[in-house]
Amino acid sequence: MQCTPYREALSARLDGESPGLPAGELDAHLDACPSCAAWARQAELVTRRARLAPAPAVPDLTATVLAALPRELPGTAAAARARLAAAALRLALLAVGVAQAAFAWPSLTTGTAAMSAPVHMAHETGAWNLGTAAAFLAVAAAPRLAAGALPFLGTFAALLAALTVADLRAGHVHAERAVTHLLLLAGVALVGSVAWRGRRRRALPAVGRQRVPA
């Protein structure tokens, strides 16, 4: 029973672990105990044979494992379609912004507008159109701004649409003039789509973090 701690310490030292005893004390015991010394020689021999024994041959399963893998990761196609749709929305919004700015430019530079409006009113109209164009271009460049721009743009577009319909019925505006507002409505619809997609993208990680009860 007195040799058990020394044999455990020797086994730990052979495995590269801490023996738990001072090295001098362990060596002194091996010098004084022939039984433990013989046990140590046998343990060293067994350890050496185990380490030098050849590894058993195993079949190469590389081809089988690679063949079992899917051709593409789950969700790759959906992610590619989402990126394509986002790029298309941004390009369309960029085109609407440029067109809106081009529509506003004559009112700002020459002070002329439809229906022979006064110069200051033409300037105001041009400023409004240029402001909406800048909003469209900003959202096209940084889609994260869509949610912040939507309240202003949506309110403006909704009021303008309602007033334009009323003016058309009353004969206060020509249809050619009313059609130009479709560009603004298209831009607001695109901004709304960008904001909705951004909200969905932020909501997906939150859903993934929810724990499912077992």
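In this chain, numbering begins with 1 at the start of the sequence shown.
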**Request:** Taking the side chain as every heavy atom from C-beta outward, state whether Leu185 and Val188 have any pair of such atoms under 4.5 Å apart.
**Result:** no
**Item:** Donor-acceptor contact below 3.5 Å, side chain Asp60 vs main chain Thr62
**Value:** yes
**Item:** Pairwise distance CZ(Arg90) to CG(Leu137) - rounded to 0.5 angstrom
**Value:** 12.0 Å
**Heavy-atom pair of closest approach, residues Ala133 and Ala101** = CB-N, 3.5 Å
**Prompt:** Hey, quick one: are Leu145 and Leu94 part of the same hydrophobic cluster, counting side-chain heavy atoms closer than 4.5 Å, chains of contacts allowed?
**Reply:** no
**Asked** Taking the side chain from Arg197 and the backbone from Ala82, do they hold a donor-acceptor pair closer than 3.5 Å?
**Response** yes
**Item:** Same cluster (ILVMFWY, side-chain, under 4.5 Å), Leu182 and Val98
**Value:** no
**Note, Leu184 side chain near Phe136 side chain (heavy atom, < 4.5 Å)** = yes
**Asked** Any side-chain heavy atom of Cys3 within less than 4.5 Å of one from Ser35?
**Response** no
**Message:** Quick check against the 3.5 Å criterion: does Ser11 have a side-chain atom that pairs as donor or acceptor with the backbone of Arg7?
**Reply:** no
**Message:** By the definition side chain to side chain contact (heavy atoms under 4.5 Å, CB included), identify the one residue from Leu190, Leu84, Val191 that meets it with Leu89.
**Reply:** Leu190
**Message:** Show the nearest heavy-atom pair for residues Thr132 and Asn129, with the distance to one decimal.
**Reply:** OG1-O, 2.7 Å
